[in-house]
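Each remark here refers to the structure printed beneath this line.
Chain identifiers are assigned alphabetically (A, B, ...) following the order of the sequence lines, protein sequences preceding nucleic acid strands; residue numbering begins at 1 within each chain. Remember, predicted model here, so these are calculated numbers, not experimental data.
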Number of protein chains: 2
Amino acid sequence: MGRTSTARDRLRDSACELLHTRGYAAVGVAEICARADVRKGSFYHFFESKQALTIEVIDTHWQAQRAAWRERLGGPEPAAGRLQRLIMWLVETQREAQQATGRIDGCLLGNLAIELSNQETAVQQRLTAAFDEQAELVHANLTEGAQDGSVAAEYADLATARAVVAQIEGAVLLAKLAGDTRSLDNLWPHVRRLVTVPSRR
Amino acid sequence: MGRTSTARDRLRDSACELLHTRGYAAVGVAEICARADVRKGSFYHFFESKQALTIEVIDTHWQAQRAAWRERLGGPEPAAGRLQRLIMWLVETQREAQQATGRIDGCLLGNLAIELSNQETAVQQRLTAAFDEQAELVHANLTEGAQDGSVAAEYADLATARAVVAQIEGAVLLAKLAGDTRSLDNLWPHVRRLVTVPSRR
């Protein structure tokens, strides 16, 4: 691999890893360059600032995530089953990352949202757009579920979709804090309660 | 107010405000000292490190929060009503803070959990203890609710209590990101779905 041709990608990939693991304020341009094996003088040839690189990291990450969300939420099955598939995949992603790294870094977008919402307007706008899209994808799923009967019609609203996203973020936060993904086994049963009305026993 | 006698308290209060607003890595000892009007040389007379001060901030914050949680969860009403009172109070806290500061800083403990879980073991342990206590307080409430009939008996478990805490944290994260507390109006209806079985219409 030529060094020059991939320097930009290496900077973005290194930043993604470091931002995910340690956060925005804790990671400097020098460390990103060192990890990427790019001279610090070259950094500003590719990116105006750490903020600009962070926005590209968010866009690249959410672009891949969006495709994965759409894939899990698509298909001929009842909508609640497709939502379950998304949740199980998200949980599996955290598990695999822990097996690979020994850590639970949690959700890159959620981490940056917590750290930067009040401090970096351009980043905050990008994250807001990503979380809005997540809620819209879930909302579309719930609407389909209300039609196929797998979701309670009275819960097929955008507020419930946001509550599903909130439950995911909160559960991942607690798993990250505990350093243990076992609690995520319950994520789907809990999300299911938000979107369905159980039969009375 | 004598300067020497309250320097320690001022350092703790300044750190609490700065950590809540901007996070751990973004805030240095020099800035905490400047905000507290304490000479930097005196800092290490009171605290071994920024980490040690952060632990004291967490302990002080959670001690006050714990008392408030217990107060809202206590009383003669059905348990679900007391849980609702806790949730409404938490939402009101975010609203009042936004009115006072123009920002939503979110949950101090959640913010630090996201930022430091993988990086500062002593802080992570303190935060784990606080979130464990939150889940235990909610679990005790749910257990009472299963007895008085206001909570579904099959949902009165520790996993559900953790899901309630996760719902709070996730909803506050999204409100912080949006810079808008209106979405928190739905927090209680969503938590209620986690802990009750609605009557079939």
Checklist entry - Checking heavy atoms, do the side chain of B:Gln119, its backbone, both or neither come under 4.5 Å from chain A? => result side chain
Checklist outcome for this item: One should read off an interatomic distance between B:Asp180 CG and A:Thr128 OG1, to the nearest 0.5 angstrom, of 10.5 Å
Next on the checklist: If we define contacts as heavy-atom pairs under 4.5 Å, which of A:Leu174, A:Asn111, A:Leu194 has the most with chain B?
Outcome noted: A:Leu194
Checklist outcome for this item: Here the gap from B:Leu116 atom CG to A:Lys176 atom NZ, rounded to the nearest 0.5 Å, amounts to 9.0 Å
Item to check | Spacing of CD1 belonging to A:Ile168 relative to CG belonging to B:Leu173, to within rounding of 0.5 Å | outcome: 12.0 Å
Checklist entry - Which bit of A:Gln124 comes within less than 4.5 Å of chain B, counting heavy atoms only: side chain, backbone, both or neither? => result both
Next on the checklist: So, taking the atom named CG in A:Leu112 and the one named CG in B:Leu177, what distance separates them when rounded to the nearest 0.5 Å?
Outcome noted: 10.5 Å
Checklist entry - Non-hydrogen atoms of chain A under 4.5 Å away: do they reach the side chain of B:Ile104, the backbone, both or neither? => result backbone
Checklist outcome for this item: Counting heavy-atom pairs under 4.5 Å with chain B, the top scorer among A:Val172, A:Asn118, A:Leu187 is A:Asn118
Next on the checklist: Is B:Arg22 close to chain A through its backbone or its side chain, or both, or neither, when contacts mean heavy atoms under 4.5 Å?
Outcome noted: both
Checklist entry - Which value, rounded to the nearest 0.5 Å, describes the distance between B:Asp157 atom CG and A:Asn186 atom CG? => result 7.5 Å
Checklist entry - For chain A, which of B:Ala159, B:Ala135, B:Ala171 has the most heavy-atom pairs under 4.5 Å? => result B:Ala159
Checklist entry - Which residue out of A:Ala25, A:Ala152, A:Gly23 racks up the most heavy-atom pairs below 4.5 Å with chain B? => result A:Ala25
Checklist entry - At a heavy-atom separation under 4.5 Å, does A:Asp105 approach chain B through its side chain, its backbone, both, or neither? => result both
Checklist entry - Distance-only, no hydrogens or angles: does the B:Gln167 side chain make a donor-acceptor pair with backbone N or O of A:Ala163 under 3.5 Å? => result yes
Next on the checklist: Go through it in stages, so that I can follow the logic: the residues are B:Arg193 and A:Thr160, the test is side chain to side chain contact (heavy atoms under 4.5 Å, CB included), and I'd like the CA-CA distance, side-chain angles, deciding distance and then a yes or no.
Outcome noted: CA-CA 10 Å; B:Arg193 279 186 221 164; A:Thr160 296; 2.9 Å; yes
Checklist entry - What option among A:Pro189, A:Ser117, A:Ser183, A:Cys107 has the most heavy-atom pairs under 4.5 Å with chain B? => result A:Ser117
